[in-house]
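Presented below is the structure to which this report refers.
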Amino acid sequence: MKKIIINIRELLQVRKTAIDKVTGTEMAVLPKIDQAYLIIENNIISDYGSMENCPDTSTFEVIDATGQVVLPTWCDSHTHLVYAGHRIQEFVDRINGLSYEEIANRGGGILNSAKRLNETPEEQIYEESKVRLEEVMKQGTGAIEIKSGYGLTVEGELKMLRVIKKLAENYPIAIKSTFLGAHAFPLEYKENHKGYIDLIINEMLPKIAEENLADYIDAFLETGYFSVEETERIMAAGKQYGLAAKIHVNQFTAINGIQACVKHNAVSVDHLEIVTDEDIAILKDSHTMPVALPSCSYFISIPYTPARKMLEAGLPLALATDFNPGTTPSGNMNFVVATACIKMKMTPEEAINAATINGAYAMGISDTHGSITRGKKANLIITKPIPTYYQLPYAFGSDLIDKVLIEGEIV
Ligand code: NIG
Ligand code: FE
């Protein structure tokens, strides 16, 4: 049955003409209709408008949203939601004074998660991961990217990607899958980087392509992890299999990685806690979406991405969670949006644009997700009654979501 949402206090992110992203000063504008209705037909947004022009509702299933705000679901373009176990001890170690780097050097960090993942059966990883997926859907996420990268062995990486595939098959949410074999060097390859990269390129990638397990390729381009040259080899190899790049870069150091990513036409560059003027200039002439992950900055106490500087230079910006057991054990996009406003001084309009249409761009799905546009998926957040959408980042600790619809169905 067709559905109609009526009496919507504010219908946000209304884009009559489809756009793929918003950039620079455009990000300050969040088009909306006050006192609106919206019609859902066959899981798609078929129409919307002002209540003054609302059609006869007698043939519809009616959702009355008096006092409530409606916006597109969040597009979370960067997560590691599939993992085994947890890293609670590292959290406590950090409270007691150790840094992320010191913990990693002691065998903690990514290698800790990789050990656990390789010991855990696929079925159990699926069970643990689906709980997290269901949680973030209820928190308003309607499209999500999920990475591998805690396997670091042929079998481990395939296992993770198969779990992601199974989640995509069993849940209505759009899921993009990213192969992150180049997340860290396993101990046995510590002194043999070429050997591990050969394994990624010659063993992992062909199998992943054969089973059609990934949409994108990623690497942790960082001092002490993958160098610029090593990451370039990985991006080039991914391209051979049709996998565009989304790269972890500039989290701790700026080593001209962004330049290499742009050269390889990366879809996105993610983290960017440390950004130089040269990095900004290079991104400015590109199609690559910068992605900030403020919950990671919050959780491990590192700088926030300099959003103001980037937007004022005319760049676009997307926001994502980075949901993972080490640096961000939260997939809550509402917290990300609030933290971007509070700590990165993004306006609510900029943050909502970054978490919807620009997140969709960073997953290559702007044509179907990220805005209220006729013909797009009916993926909607209906808030509880609130005075204005500013309440979302303002009341940062409150659960303000009443309903989430994914492809027109209530989650
Ligand atoms: O995005 N920086 C690299 N990767 C993850 C964290 C990995 C981990 O600690 O498990 C991130 O923060
Ligand atoms: Fe990450």
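The structure displayed is predicted, hence computed values, not measured ones. Numbering of ligands and ligand atoms starts at 1, following listing order.
Taking the Fe ion (ligand 2) as reference, the nearest N/O/S atom within D322 carries the name OD1. Considering just the N/O/S atoms of H78, the one nearest the Fe ion (ligand 2) carries the name NE2.
N332 places no side-chain N or O within donor-acceptor distance of the main-chain N or O of S330, the cut-off being under 3.5 Å.
When the options H86, R94, R87 are evaluated for a side chain to side chain donor-acceptor pair (under 3.5 Å) with E90, the one that passes is R87.
Taking 4.0 Å as the cut-off, H183 counts as a neighbour of ligand 1 on heavy-atom distance.
When distances to the Fe ion (ligand 2) are checked against a cut-off of 2.8 Å, C296 contributes no N, O or S atom below that limit. At a threshold of 2.8 Å, the Fe ion (ligand 2) has a backbone or side-chain N, O or S atom of H248 nearer than that distance.
The shortest contact between atom 11 (C) of ligand 1 and any protein heavy atom is with D322 OD2, 3.1 Å. The protein heavy atom nearest to atom 2 (N) of ligand 1 is Q251 OE1, 2.7 Å. Among protein heavy atoms, atom 10 (O) of ligand 1 sits closest to Y150 OH, 2.6 Å.
Each of the atoms 7 (C), 8 (C), 9 (O), 10 (O) of ligand 1 lies under 4.0 Å from some heavy atom of I110. Listed by number with element, the atoms of ligand 1 under 4.0 angstrom from any heavy atom of T327 are 6 (C), 9 (O), 11 (C), 12 (O). Atoms of ligand 1 found under 4.0 Å from any heavy atom of N324 (numbered from 1 in listed order, with element): 6 (C), 8 (C), 10 (O), 11 (C), 12 (O). Under a 4.0 Å criterion applied to the non-hydrogen atoms of H271, ligand 1 contributes the atoms 1 (O), 2 (N), 11 (C), 12 (O).
Using bins of under 30°, 30° to 60° and over 60° for the plane-to-plane angle, the ring pair Y189/Y196 lands in the tilted bin. Ring geometry for F185 against H193 counts as parallel: the plane angle stays under 30°, on a 0 to 90° scale with 60° as the upper cut. The aromatic rings of F252 and Y100 sit parallel to each other, their planes meeting at less than 30°, with 60° as the upper class boundary.
Residue nearest to atom 6 (C) of ligand 1, selected from F323, Y100, F220: Y100 (by heavy-atom distance).
Side-chain contact check for Y361 versus S77: every heavy-atom pair is 4.5 Å or farther apart.
With a heavy-atom cut-off of 4.0 Å, H80 touches ligand 1 through its side chain alone.
Between Y298 and Y304, a ring centre-to-centre spacing not shorter than 6.0 Å is recorded.
No hydrogens or angles considered: a donor-acceptor pair under 3.5 Å links the side chains of T253 and T223.
Here the closest heavy-atom approach between residue A114 and residue G151 is recorded as CB-O, 4.1 Å.
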